[in-house]
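Input: a single structure, listed below in structure tokens.
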Amino acid sequence: MNSSKSPKEIENNINFRESSIPDPDYTEIQKIQNGDMQAFKNIVEKYQDKVRNLTYSVLGEKSLVDDVAQEVFTKVYLKSKGFRFESKFSTWLYQITLNKCRDELRKKTIRSFFIIKDSDNIHAQDRTTEQIESINLSEIVREQISKLPRKLREVVILKDISNLSYREISTVLNCNEGTVKSRLFRGRMELKTKLTPFRKELGF
Amino acid sequence: MKKLSDEILFQYIDNELSETERLKVEESLQTSAELRKRVDELKNVIRIPKYIQPLEPSLYFAQRLLEHKIKSKRGFKLKKYVPVFAIVILTAALMLFYKYNLSDVDKIVKESESNLLSYYTKNLKPLFVNTRLDADDVFNFAFNRIVPLDREKNQYLSIGVNESGKEYFEIRNNLDIKTLHSKIDFVNKLNLDQKQKEEFDNILNSYTKNLESQVVLGEDNAIGVNENLWNLNRAIVANVLQYAENTSKTNLHQIISPVFNFVRNPKVDDLIQFAVNNKSNKYVLLTPDTIVSTPIEIDIEKFDNELEKLEKEKLIITKELEQKNQKQHDEEMKKLSKELERLKISIQLDTSAKVYKKYQRKSRPFRIEIDEEKFLIEIPEIEKIDIPNIDSIVMNIDIARNKIHAFNFKTPDKLKHPTKKFKFDIEVLGDSLKKLEMQIPTWLEWEIVRDSLKKFKMKIDGLDTLINKSLDIFDSRDWEKFGRQMDSLSKHFEFKFDGMNFDKEKFKEQMEKFKDEMEKLKYEYRYELKPKVKKQKPEEI
């Protein structure tokens, strides 16, 4: 594996492993490369919810979702010429999304050095804004996923929320499938342990 | 046999095992009930993340992206290719040219001085020469987005942002402000005590000066609107909600279900600071001849002083002369009133406005809509607040403001009055039609309902229009089909209140549904989706 490459390089040099997969988005991407705005709009409309939900799952903050997702699509538009049809478009898109999310998390970490750390408050704040009285399962699950270590969290989200295959995940994260398998296993088990108090409600 | 690990079972459930491995697992599954139970448990573990509710779809997402982000980035891209070297040479050449041809420069300056635009900008005066604003006006500006231009004529400037994210302003005559959301209502619902009420007013009053200078008027039917007005509007809304949340969170959340945390978000403060301190002099100037975006310098202080002086004089004369000398008093007052009148400006709307129609065809940066009561100008591009990631906060403020509008229904606990039926016939497009029927008790100010409908830019016509329009749709004029269609449409949205069993919660719920329905229609309208009612074979909606 090409571990020495930076994430940006990987985005630009798409992995060859998926070259055999026919991708329905290819025609639209070709049009975008020729400056067709309608094609771009079609792609945005097709994927906006997927990107927004992935962003939400990774960042866990609704207020950031739209801004980050907009940056993702802006990047897709600006870098579309660099897309060489060697992987599925969606894989490339998820890669960009994850990188943007990582940037955002990094910024957040840096900011947290300057602001008094009060991580519990963030959740409390979300709760009061979203659901004053009843805290629902969705919130609990989201909170616990966000507490998983980053590497495990990303794999769990890509597999169990975005429904990517192991191969696609390995392309997005630039690691081999064996790593995906073991991280996914660890991630799922850890999540199960964290949510044991709610096992009745969640049915496991 | 070797026990199958959870990791392998996960891969089996994910359908990621090789053919031989998969067959092996399936073989074991057939023989072991315990293994089957384990697989079921693991399937439930995999399902855990699915409990996360997906985000609601964002209707504005693609539009905003294309309007703002992509456009600005494209502009930037273009810049890279501008031949810098050639421009440098050209500039140097021009500098040399003007250095030795000063007379030409003078000529250019003179020409520009005599041009129409500077004529208009010279005569402009700030809004407060016409009308001083108070806390109520600021509240109206924040939540109803209107500023009074001429109170006697009921003339208002109204601002907004349309579905495609473009800012617009409207000059409206005969606006009935009674139907709008009022400050008193809002304060009452927040349950503020006397001291808090004063604080609330102080916040609003702190914006009057700022607001008064954002709108300028000219004697020749010219009106200028500062581009910062839209920022200021959001800033005031944010500040008011911030205060309301701070003093009485529960009450605020009863008025608007919580959308956002205003107090905790430091970006909200940034936004307020930006809007208040923004000294932009860029105005959109509307005159009888043209409409442009231009910088306008106005000495606000000068006008303020002049006005204050006159008002003071008026007061002194009133005090000193009222008792002593009636005649002299009247004369002086007349003189002063004339002086004040001289300052005042009245805007006449030419609703036929041929000039604008012509102008609009020529170059299209501004889109203009004119009818009997209003004059709407859509502005192509205004200076946005330059704070990173501000878009979603702006969106949240807009949502909060709209929520206050849409759900201000006064519902008494017990229904004593009879119900009366109102019908709303809503035209969406020429070839798509949905009829909404509601029974609303008479005590409910139905103007409010009607007003919230207007926001969706749909015509509310009588039954005649509905029938005529429908007949246009069904070219064949098949009466039977028409009748069936109407029937199914009327079933689509109908709810009634029984005089005795009025259910407040249900009513709210229905209004929510109604709003959703409206959003859907708006969405269809905006993206010009295929009409749901087909020409040949009308289907039930």
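Proteins come first, then strands; the chains are lettered A, B, ... in the order of their sequence lines, and each starts at number 1.
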A:Glu45 and B:Phe61: side-chain contact (heavy atoms from CB on, under 4.5 Å), yes or no, with the steps?
CA-CA 8 Å; A:Glu45 276 168 0; B:Phe61 187 86; over 6 Å; no
Could you check B:Asn44 against A:Lys192 for side-chain contact (heavy atoms from CB on, under 4.5 Å), going step by step and ending with a plain yes or no?
CA-CA 10 Å; B:Asn44 285 334; A:Lys192 184 187 163 193; over 6 Å; no
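Atom-to-atom distance recorded for A:Tyr56:OH and B:Ile52:CD1 is 7.5 Å, nearest 0.5 angstrom. We find the CG-CD1 distance between A:Leu184 and B:Ile46 to be 7.5 Å, quoted to the nearest 0.5 Å. Rounding to the nearest 0.5 Å gives a distance of 11.5 Å between CD of B:Gln53 and CZ of A:Arg142. Rounding to the nearest 0.5 angstrom, the gap separating the CG atom in A:Asn163 from the NZ atom in B:Lys50 is 4.5 Å. Rounded to the nearest 0.5 angstrom, A:Phe73 CZ and B:Leu66 CG are separated by 10.5 Å.
Proximity to chain B is limited to the side chain of A:Leu195, based on heavy atoms less than 4.5 angstrom apart. Heavy atoms closer than 4.5 Å to chain B are found nowhere in A:Val68, neither backbone nor side chain. If you measure heavy-atom distances from A:Leu202 to chain B, the contacts under 4.5 Å come from both the backbone and the side chain. No part of A:Ser57 comes within reach of chain B, as not one of its non-hydrogen atoms sits under 4.5 angstrom from that chain.
A salt bridge links A:Arg188 with B:Asp14; the closest basic N to acidic carboxylate O contact falls under 4.0 Å.
Remark: side-chain polar atoms of A:Arg52 are not paired, donor with acceptor, to backbone N or O of B:Pro54 under 3.5 angstrom. The main-chain N or O of B:Leu55 is found under 3.5 Å from a side-chain atom of A:Asn53 such that the two form a donor-acceptor pair.
Interface check for chain A: of the options B:Arg47, B:Glu41, B:Glu16, B:Gln11, the most heavy-atom pairs under 4.5 Å are formed by B:Glu16.
The two residues A:Val141 and B:Pro49 have their closest heavy-atom pair at CG1-CA, 4.0 Å. Here the closest non-hydrogen pair linking B:Pro57 and A:Asp49 is CA-OD1, 3.8 Å. Of all heavy-atom pairs spanning B:Phe10 and A:Phe185, the tightest one is CD1-CD1, 3.5 Å.
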